[in-house]
Amino acid sequence: MTQVVRTRVAPSPTGDPHVGTAYIALFNMVFARQHGGQFILRIEDTDQLRSSRESEQQIFDALRWLGIEWDEGPDVGGPHGPYRQSERSEIYQKYANELVEKDHAFHCFCSPERLDAVRAEQMANKQTPGYDGHCAHLDKAEAQARVDAGESHVIRMRVPAEGVCVVKDMLRGDVEIGWDRMDEQVLMKADGLPTYFLANVVDDHLMGITHVLRGEEWLPSAPKLIKLYEYFGWELPQLCYMPLLRNPDKSKLSKRKNPTSITFYERMGYLPEAMLNYLGRMGWSMPDESEKFSLAEMIENFDINRISLGGPIFDVEKLSWLNGQWLRELPVEEFAARVQKWAFNPEYLMQIAPHVQGRVENFSQIAPLAAFFFSGTVQVTAEALAHKKLDEKQVRQTIQFVLWALEAQRSWDKDGITDCINRVGAALDIKLRDIMPLMFVAITGQASSVSVLDAMVILGPDLTRYRLRQALEVLGGASKKEAKDWEKQFRDV
């Protein structure tokens with residue numbers, strides 16, 4: 001019987017939906033569709049402090065906007081649920097205990113303070129920091145007694161001390177990685193939730209995943225995953241480590257250098273077809289090298305052996321060029337309909353209308369007043385950001401602190417935004433009324449306009465943060481020393 005191909009993507013709902021998530025999801029979906037298989041969406045929400053259902057929904061919405069659909073998942077169900085890791089704790093606990101019973105894992109009672117001290121000593125001695133095996137040889141009966149007594153503990157896996165593990169990668173062939181580079185990984189945390197390593201292995205096995213396409217940043221830790229499959233006696237899925245997306249300067253794609261949120265590109269007015277087309281070109285090419293192709297064409301022509309290992313460059317200028325190709329080939333009626341759906345739809349206009357209505361005397365005044373609501377960027381100069389009371393360094397620091405605070409803000413509403421700005425003001429000893437002029441210029445491009453706090457809510461987190469970053473760039477940003485000092489100072493915000 002021919003094996004049914006099953007792939008998956010497993011994002012963490014801890015922030016804005018990332019283009020890297022969409023990139024990995026796309027290739028997993030295309031690979032499954034080409035082989036007549038199934039594509040699964042699983043949510044890795046074991047980080048209870050940072051995970052949220054709001055972020056989860058944003059992932060669903062962003063992927064669907066792109067045209068990525070899944071056969072099984074938290075919102076569509078399926079025979080292998082639940083599809084949220086936070087709802088599978090008992091399953092992971094069962095398998096973790098099985099590993100302990102087979103002596104493939106052990107209980108570790110080391111305190112965070114002890115582990116910090118060990119790492120500090122290792123680094124002082126120029127050793128690779130890692131767990132020192134302190135609890136690895138505890139008597140099993142003694143360890144179980146301490147667990148039964150309620151002592152805080154984690155479960156760690158055992159790994160070989162020497163030799164090499166051969167990782168069979170679909171793109172690279174056999175990759176040898178030494179066991180001396182592996183740590184005795186925590187599998188179950190003290191809060192009873194699993195780490196990535198245990199949860200992914202258990203879930204992929206129980207959900208029948210046959211091919212795992214994930215980012216190459218996970219390749220160095222592949223031996224631990226392979227060893228877990230061996231410990232359980234399970235068949236290992238085929239592994240494929242996809243090249244990482246890069247900034248134009250070849251560094252790893254990051255929001256500090258490139259907008260990375262999928263919803264940012266939606267708000268900027270990119271077509272989902274063009275965005276998906278561009279992600280499909282990240283490390284892969286059509287047989288005829290054509291740059292513009294549809295999802296259906298990608299599925300029909302996909303060959304995993306055509307993926308290049310060179311880090312694909314995510315270049316917004318190239319994306320914009322490709323988006324322009326798609327826009328110009330639309331029938332004019334559809335072009336107009338897409339524009340209307342993007343920003344001139346009743347839902348968006350009704351958010352703006354109450355703030356404009358009381359400030360105009362005729363309709364022709366609306367466009368100059370509200371143009372920033374329909375723009376991606378606004379024109380900002382250093383002169384416009386000059387402040388009567390704050391010097392140039394204070395202006396840069398204030399905008400940077402507000403940006404950092406808003407990057408961590410998960411609930412996007414007026415009260416939350418105001419609280420962020422107030423906390424920054426308190427930390428820098430700057431009054432709210434002295435911060436707001438900077439917000440008006442950075443967000444609206446004007447010294448005065450409709451309520452800037454209401455405007456930030458309507459524009460959303462992506463465009464708001466983007467415009468603050470642009471204002472910082474206009475001012476030259478922070479020097480390396482300033483950034484280091486400011487990051488320390490920001491911890492108190």
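The structure presented is a predicted model; accordingly, all values stated were derived computationally and were not measured.
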I'd like to check the side-chain contact (heavy atoms from CB on, under 4.5 Å) partners of E487; sequence neighbours left out, ordered by chain and number.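 If we apply the side-chain contact (heavy atoms from CB on, under 4.5 Å) test to E487, skipping adjacent residues, the hits are R256, W404.
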Hey, what do you get for [atom1] ([X]) to [atom2] ([Y]), rounding to the nearest 0.5 Å?
X	Y	atom1	atom2	answer
T46	R88	OG1	CZ	12.5 Å
T210	Q3	OG1	CD	5.0 Å
I59	I68	CD1	CD1	12.0 Å
T260	Y265	OG1	OH	7.5 Å
M268	L319	CE	CG	10.0 Å
I313	R281	CD1	CZ	12.0 Å

Side-chain contact test, heavy atoms from C-beta onward, threshold under 4.5 Å: evaluate it for [X] versus [Y] and give yes or no.
X	Y	result
V19	M275	yes
D462	E266	no
R469	L403	yes
L187	P194	no
K227	W179	yes
S86	S51	no
I155	L99	no
I262	H18	no

Considering only NZ, NE, NH1 and NH2 on the basic side and carboxylate oxygens on the acidic side, decide whether [X] and [Y] come within less than 4.0 Å.
X	Y	result
E101	K140	no
R146	E142	yes
E334	R338	yes
D47	R50	yes
D132	R114	yes
K318	E291	yes
R64	E69	yes
R410	D16	yes
D174	K168	yes
R396	E482	yes
E297	K292	no

Do R246's NZ or CZ and the ring of F314 fall within the cation-pi criteria of under 6.0 Å and 45°? no
Is the side chain of [X] donor-acceptor paired with the backbone N or O of [Y] at a distance under 3.5 Å, no angle test?
X	Y	answer
D288	S290	yes
D303	N305	yes
R158	D103	yes
Q122	G130	yes
D315	P248	no

Can you name the one residue among R8, R42, E72 that meets side-chain hydrogen bond (donor to acceptor under 3.5 Å, both in side chains) with Y83?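 In the set R8, R42, E72, the residue that makes a side-chain hydrogen bond (donor to acceptor under 3.5 Å, both in side chains) with Y83 is E72.
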Take Y241 and R214, measure what side chain to side chain contact (heavy atoms under 4.5 Å, CB included) needs, and give me the verdict at the end. CA-CA 5 Å; Y241 290 90; R214 57 160 67 95; 3.5 Å; yes
Over all heavy atoms of both residues, which pair between [X] and [Y] is shortest? Give the atoms and the distance, please.
X	Y	answer
M29	T7	N-OG1, 4.3 Å
L198	Y92	CD2-O, 3.8 Å
L138	H107	CD1-O, 4.4 Å
P243	S308	CG-O, 3.3 Å

Do the side-chain N and O atoms of [X] and [Y] include a donor-acceptor pair separated by under 3.5 angstrom?
X	Y	result
R306	S285	yes
Q93	N97	yes
S320	Y270	yes
S12	T14	no
Q489	Q397	yes

Could you check whether atom NZ of K484 has more than 12 heavy atoms from other residues, nucleotides or ligands sitting under 6.0 Å from it? no
With a sphere of 6.0 Å drawn around CD of E121, does it hold more than 12 non-hydrogen atoms of other residues, nucleotides or ligands?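 No.
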Between Q185 and T195, is a side chain to side chain contact (heavy atoms under 4.5 Å, CB included) present by the stated rule, with each step listed? CA-CA 9 Å; Q185 176 70 45; T195 60; 4.1 Å; yes
Between R33 and D71, is the salt bridge (Lys or Arg N to Asp or Glu O under 4.0 Å) condition met? List the steps. CA-CA 11 Å; R33 296 283 180 264; D71 302 292; 2.9 Å; yes
Aromatic centroids of F27 and W284 separated by under 6.0 Å: no
Start with the C-alpha distance between F39 and V30, add both sets of side-chain angles, then the distance that settles side chain to side chain contact (heavy atoms under 4.5 Å, CB included), and finish with yes or no. CA-CA 9 Å; F39 169 57; V30 167; over 6 Å; no
Which one of L193, V202, N200, I43 satisfies the side chain to side chain contact (heavy atoms under 4.5 Å, CB included) criterion with Q85?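 It is N200; the other options fail the test.
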Testing L225, L219, I226 one by one against L239 for a side chain to side chain contact (heavy atoms under 4.5 Å, CB included), which residue passes? I226
Hey, mind stepping through M242 and I24 against side chain to side chain contact (heavy atoms under 4.5 Å, CB included) and telling me if it holds? CA-CA 8 Å; M242 299 288 292; I24 295 296; 3.8 Å; yes
Would you please classify the geometry between the H104 ring and the Y231 ring as parallel, tilted or perpendicular, with 30° and 60° separating the classes? parallel
Anything under 30° is parallel, anything over 60° is perpendicular, the rest tilted; go ahead and classify H211 against F31.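 Tilted, since the angle between the ring planes falls between 30° and 60°.
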From the list W234, Y229, F197, ring pair (Phe, Tyr, Trp, His ring centres under 6.0 Å) partner of Y95 resolves to W234
Going through the distances and angles, do E273 and N277 end up as a side-chain hydrogen bond (donor to acceptor under 3.5 Å, both in side chains)? CA-CA 6 Å; E273 302 97 318; N277 179 177; over 6 Å; no
